[in-house]
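Take a look at the structure below.
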Amino acid sequence: MADPSPSPSQFQSTNIMDLDVDSLAHCAEHLSLEDLSNLAMSSKHFKRITYSDSIWLRRFRERWPQQIPSSSVREAYLAKRITLQQFKFDDPLVADYYTAPKPCDQIVLDKNGFFFSQGSLIQMIEMDSVFSGSDSPLMLSDHNARITCMRLFSLDETSLFRRETQSKENVLVTSSCDHSIRLWWKGTCQRCFRGHNGPVSTLSDKLLGDGIGKVLASGGEDGTVQLWSFTSSGKRGQHARKATLYGHGKPVKLMSVAGHKSSLLVTISRDSKVRVWDTTTATSAVRSSCCVGMISVPGSPVNMKCHESLLYVAAGSSVIAIDLRTMRKVLTAANCQPKLYSFEMLPSKSLICTGGSGRAMLWDIRRNQETMKPEPIAELDGHHTSSVAFLHMDPYKIVTGGPEDSNINVWETDTGTQTNSLSCDSDSDGVITTGCAAMAVNGFRIVTGSCGGFLGLLRIRDFSNSTCPVVKSKDEHASKFWDPQPYSDTDTDTDEDW
C-alpha cells in the first residue's frame, strides 16, 4: 500500500513575519531588556511590537505590583527605572554588617553578593542573607599579606568553565603583597599564580585576547609585567605563566587593555612612564620587552582608562588623552588644581569626572578638543572637608565620597544635579565610625565601608524596590552647571542590573 504521509512539497513554510502582532508581543514579554532593545533595532515592524503596552505592563506589575502607571506604560516603566538607578529615593533596603576594626581596602559587587578585603582576608557575603539578617560570610584566607587588587571575570573565559548553565557566573581574581595571584570560584581558591619577585601591585582591567586562550596581566613592585593563561590547568598554575615583560624601572602602578586592539596592554609605573606592549609577540623563551610604544606624563599617576585607540591618563592635576597609534598627546581633557585624587569616564556620553580637594568636576571631552585650557561643565560641590578619593560614574549617576566625609553624594550624570546624600557612618549607640574608606556601586546597589576604633562597618543599600522619592529642601545644594547638553543614552542594561 502506498505511504499516505504527505510529501515535503505539501507543507507550507511559516516564518516569524506570519505571526500576528499579539502573538509576537506575547513572545517578546519573555525577553530580557537587552534582547528587547536589540529586537527593536532590527526593523520598524519589530520596533512597533516592542512598544506594545502588554510587554511593559507585565514588567511594571512584576516590579511594582502596588503601583499603577498613569501614562504610557513603557515610558512610566523606563522613567521609574531611571530614577531608581539615580538613587532618588529615601527608602532603600538597608543592612549594616560590622567587621573587625580595620580599614576596608577593596569592595567588589557581584550579581548576587559582594566581596571585600581587610588586610590579607577576603570575605564573601550574599545579598539575600545580609538583608534577611542571617548573614554568614565565607572567609577566603589563603593570602598571607595585604590584598592589593580584586577583579571579576566571566567564568567562561577560564578553564573552569564546563556547562552553558555556568555562562553567567564570575570568578574573582586577587593580587597580594605576598607575591601571589589567586583565582577564586565557589568560595575556594582554584588557581595560584606565582612569578613576581615582590608584591603584586595591580591586575589588568580586562583579559587580553579574543576567543579562546584569554590572558591575564599583572604588574608588580619588581617593575615587571607578567602574562598568565586562564585556560591552563593545574591548581598551582605551574604552566600558566606565558611571559615576563621587562622595561619599567619602577613599580607598575596601573594597567589597562586597549579598546581598539585586545592584544595591546597599556601600563604606567610609579615614575609616570607609560608603556604599550604587544602581547601576541611575548614568549616565555625570550627575555624581550615586547614594548611597542613609550611616553611620559607629568605628575603622579592616579588612574587611566582606554577607549578605542585613545588612552586617558589622570596624573598630577590633569587628564590627558594619548593616541596609542602614534603615542602622541592629542588633548588635555581636564585640569584640576592643585591635585587629582580620582578619575572616571563615560565614553558613551563623552564625559569624564575628576575628584579633587573638596569637590568633583564634570567635563565634556568634545568641548575641550580645541582649547588649551579645558573648562568643566559642572562643579559638584559637596565635599567641603575631604578630598574626593572615591568616584563612580555610569549613564545615570555619579557617586562621590571622601575619607573624611560622613556622607557620600549622588548626582545626575547628564545635569550634575545632586539627587541624594547617603550616610556611611554608624547610627548605633556606642559604635563610632568615620569617613568613607571604600565604595562599590552597581546598578541599584551601593556598598560603603567605614572604620572606627572598635568596629568597622559595611553599609549595603538596594534601591530596586524603593517607593518614597527624596523631598528636595529649599536650601538643598545644587551643582554649578553651565549650558547643559541633552545627551542620548545608548547604553543597554541587562536584567542582572536589577
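In what follows, residues are counted from 1 in the order of the sequence shown.
- For the pair E344 (side chain) and M393 (backbone), a donor-acceptor distance under 3.5 Å is absent.
- D105 places none of its side-chain heavy atoms less than 4.5 Å from the side chain of M150.
- The two atoms that bring C192 and R194 nearest to each other are SG-NE, 3.9 Å, heavy atoms only.
- Judged purely by distance below 3.5 Å, without hydrogens or angles, the side chains of N409 and S421 pair a donor atom with an acceptor atom.
- Between the side chain of Q118 and the main chain of A100, a donor-acceptor pair closer than 3.5 Å is present.
- A salt bridge does not link R325 to E308: none of the charged side-chain nitrogens sits closer than 4.0 Å to a carboxylate oxygen.
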### Task
For the pair D205 and K305, evaluate salt bridge (Lys or Arg N to Asp or Glu O under 4.0 Å) and give the outcome as yes or no after the intermediate values.
CA-CA 9 Å; D205 54 350; K305 303 283 183 179; 6.0 Å; no
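- Taking the six-membered ring for Trp and thresholds of 30 and 60 degrees, W228 and H196 have ring planes inclined between 30 and 60 degrees apart.
- Checking side-chain atoms of S204 against main-chain N and O of M255 turns up no donor-acceptor pair under 3.5 Å.
- Side chain of D462 to main chain of L93: no donor-acceptor pair is present (N/O by atom type, distance under 3.5 Å, no hydrogens or angles).
- Contact annotation: the side chain of V200 never approaches that of S180 to less than 4.5 Å [non-hydrogen atoms, C-beta and beyond].
- Looking at every heavy atom in both residues, N112 comes nearest to E126 through O-OE1, 3.1 Å.
- For D128, the CG atom is loosely surrounded, since the number of other residues' heavy atoms within 6.0 Å does not exceed 12.
- Counting only N and O atoms by type, the side chains of T148 and S175 include a donor and acceptor under 3.5 Å apart.
- Residues T202 and K253 share a closest heavy-atom pair of CB-O, 3.5 Å.
- Proximity of a side-chain donor or acceptor of S269 to a complementary backbone N or O of V252 within less than 3.5 Å is not detected.
- S32 places a side-chain N or O within donor-acceptor distance of the main-chain N or O of D35, the cut-off being under 3.5 Å.
- Residues F153 and L216 are in side-chain contact: their nearest non-hydrogen atoms beyond the backbone lie under 4.5 Å apart.
- D278 places a side-chain N or O within donor-acceptor distance of the main-chain N or O of T280, the cut-off being under 3.5 Å.
- Here the side chains of Y97 and F114 are not in contact, with every heavy-atom distance at 4.5 Å or above.
- At least one side-chain heavy atom of S272 sits under 4.5 Å from a side-chain heavy atom of P301.
- When side chains are defined from C-beta on, K250 does not count as touching K273, because their heavy atoms never get closer than 4.5 Å.
- Remark: side-chain polar atoms of Q85 are not paired, donor with acceptor, to backbone N or O of Y396 under 3.5 angstrom.
- Between F87 and N420, the closest heavy-atom pair is O-ND2, 2.8 Å.
- Counting only heavy atoms from C-beta outward, the side chains of L109 and M127 approach each other to under 4.5 Å.
- Taking 4.5 Å as the limit, every side-chain heavy atom of N368 sits out of range of all side-chain heavy atoms of T332.
- In terms of modelled atom types and a separation under 3.5 Å, the side chain of D178 and the main chain of N144 share a donor-acceptor contact.
- Under a 3.5 Å cut-off, the side chain of R151 and the backbone N or O of L203 do form a donor-acceptor pair.
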